[in-house]
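Read the numbers this way: they start at 1 and go in the same order the structure lists the ligands and their atoms.
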Amino acid sequence: MNIPMLDLKAQYASIKTELDAKVIEVLASQNFILGAEVKSLEEEIAALSGVRFAVGVSSGSDALIISLMSLGIGQGDAVITTPFTFFATAGAIARLGARTIFCDIDPVTYNLDPSCLEEVLLKLRKTRRLGPVKAVLPVHLYGQVADMDPIMKLAGTYGLKVIEDAAQAVGSEYPGRQGVRKAGAIGTLGTLSFYPSKNLGGYGDGGMVLTDRVRLAEKLRMLRVHGGIGKYYYKYLGGNFRLDALQAAILRVKCGHLGDWQQMRRERAEDYNRKFAASGLTEAGLVKTPVAVYKNSGAREYHTYHQYVIRTKSRDKLQARLKEKGIGTSVFYPLSLHEQECFADLGYKRGDFSVSEKAAREVLALPIYPELTAEQQDEIVGGIKEFFAGR
Ligand SMILES: Cc1ncc(COP(=O)(O)O)c(C=O)c1O
């Protein structure tokens, strides 16, 4: 049985009629940049995420860049983030000339560890290097929101802005001090990615910035059109960060199915958990299954499983064996960002973020999508059991 890591064709087949009609509608309108479709999508995503404003942009990476720009972050500033994330999180900080300060992750959720954040902040204060630090940038990895209450509290104490990188967590919920809030709705700003493989993916690049702050929303709208105020007058130095109408129209169709798809992902994840428990692999300590820390907390979307990530010391050999069997898997991410060549100038070295480094050696993402069948999941867990039995 061939089981791909991701099967977007199956999803397209399930919504083809609705989607094709919408694409033809946009072609007939010949309106391609921003416009009514983008505005409607912004309203729908703002409602879905429980924020006042949503600003459609060209990608999740650009959503991060434009968010930092809107807060005036650049040369001479510093931003604290996790080293266990997609490159774009730290890349955006560096692109603006600011310095990235990494902070280790929680070994269970893989998200920024608030106690490490506190340690880093205390150390910066002690060594009088706190001045340049302007923001914290937590990432909601794999579809589970970082522990935002202590992060927000620390940000408040130290006067820092908070940008949530919610690229992998559209619609995910966090049960906290403010009640149950959606990913991207807790900090000063939140960012989303509509990269095709995301839970809400377009047919090209796209992203969005979420905020409750009217001034920031206005500034973001200007920054995405070169900083323009009206036509050919420029208040800021912005860029071309526009979302296009075709993407917005496609995403609006998909938005209508997102709730069902998220539920199906959770069901597939629960099925995996049960199958792994029954296999004896978890009890034997050979495989660790993901932990949904907000389950039973009153949050319905306690996890949206953008990825279902297991952990094992035999990761590379297991991945190779599954590949031989035709089972696709991925490693998000094989190298902690502080060890990446392009960040060498930050002066970090191996051993500085041991939790992140260990995760990079052990994590393995298995196929998870609404169309994944019970038989396919049996095949995957069976293949993993066979691997460990044959060692
Ligand atoms: C955590 C995280 N941040 C940022 C991004 C960047 O999004 P995009 O690929 O839409 O630029 C991604 C997407 O891969 C991501 O997973």
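Side chain to side chain, Glu18 and His257 meet the donor-acceptor criterion of an N or O pair below 3.5 Å. Donor-acceptor pairing under 3.5 Å is recorded for the side chains of Gln262 and Asn199. Counting only N and O atoms by type, the side chains of Thr211 and Arg213 include no donor and acceptor under 3.5 Å apart.
The shortest distance between side-chain heavy atoms of Val136 and Leu121 does not fall below 4.5 Å.
In this structure, of Leu141, Thr191, Asp165, Leu192, the residue bringing a heavy atom nearest to atom 1 (C) of ligand 1 is Asp165.
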Given salt bridge (Lys or Arg N to Asp or Glu O under 4.0 Å), test Asp212 with Arg181 step by step and report yes or no. CA-CA 13 Å; Asp212 277 329; Arg181 297 296 310 260; 3.8 Å; yes
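For atom 15 (C) of ligand 1, the nearest non-hydrogen atom of the protein is Ala167 CB, 3.5 Å. If you check which protein heavy atom lies closest to atom 11 (O) of ligand 1, you get Ser61 OG, 2.5 Å. Shortest contact from atom 12 (C) of ligand 1 to any protein heavy atom: Phe86 CD2, 3.5 Å. Counting protein heavy atoms only, atom 13 (C) of ligand 1 is closest to Lys198 NZ, 2.8 Å. At the shortest separation from atom 16 (O) of ligand 1 among protein heavy atoms lies Gln168 NE2, 2.9 Å.
Below 3.5 Å of separation, one finds no N or O of Leu64 facing any N or O of ligand 1. Checked by distance only, ligand 1 and Asp205 stay at 3.5 Å or farther apart across all their nitrogen or oxygen atoms.
Screening Leu96, Ile65, Leu68 for a side-chain contact (heavy atoms from CB on, under 4.5 Å) with Ile73, the sole residue that qualifies is Leu68.
Counting the atoms of ligand 1 from 1 in the order shown, those under 4.0 Å from a heavy atom of Val139 are 1 (C). Those atoms of ligand 1 that come under 4.0 Å of a heavy atom in Ser59, given as number and element, are 10 (O), 11 (O). Residue contact check: Thr89 has heavy atoms under 4.0 Å from atoms 3 (N) of ligand 1. The contact set between ligand 1 and Thr85, taken as ligand atoms under 4.0 Å from a residue heavy atom, comprises 1 (C). In the vicinity of Gly60, heavy-atom distances shorter than 4.0 Å reach the ligand 1 atoms 6 (C), 7 (O), 8 (P), 10 (O), 11 (O).
With ring centers used as reference points, Tyr294 lies under 6.0 Å from Tyr174.
Aromatic ring orientation, Tyr12 versus Tyr203: perpendicular (interplanar angle above 60°, classes split at 30° and 60°).
Counting heavy atoms of neighbouring residues, nucleotides and ligands inside a 6.0 Å radius, atom CZ of Phe332 exceeds 12 of them.
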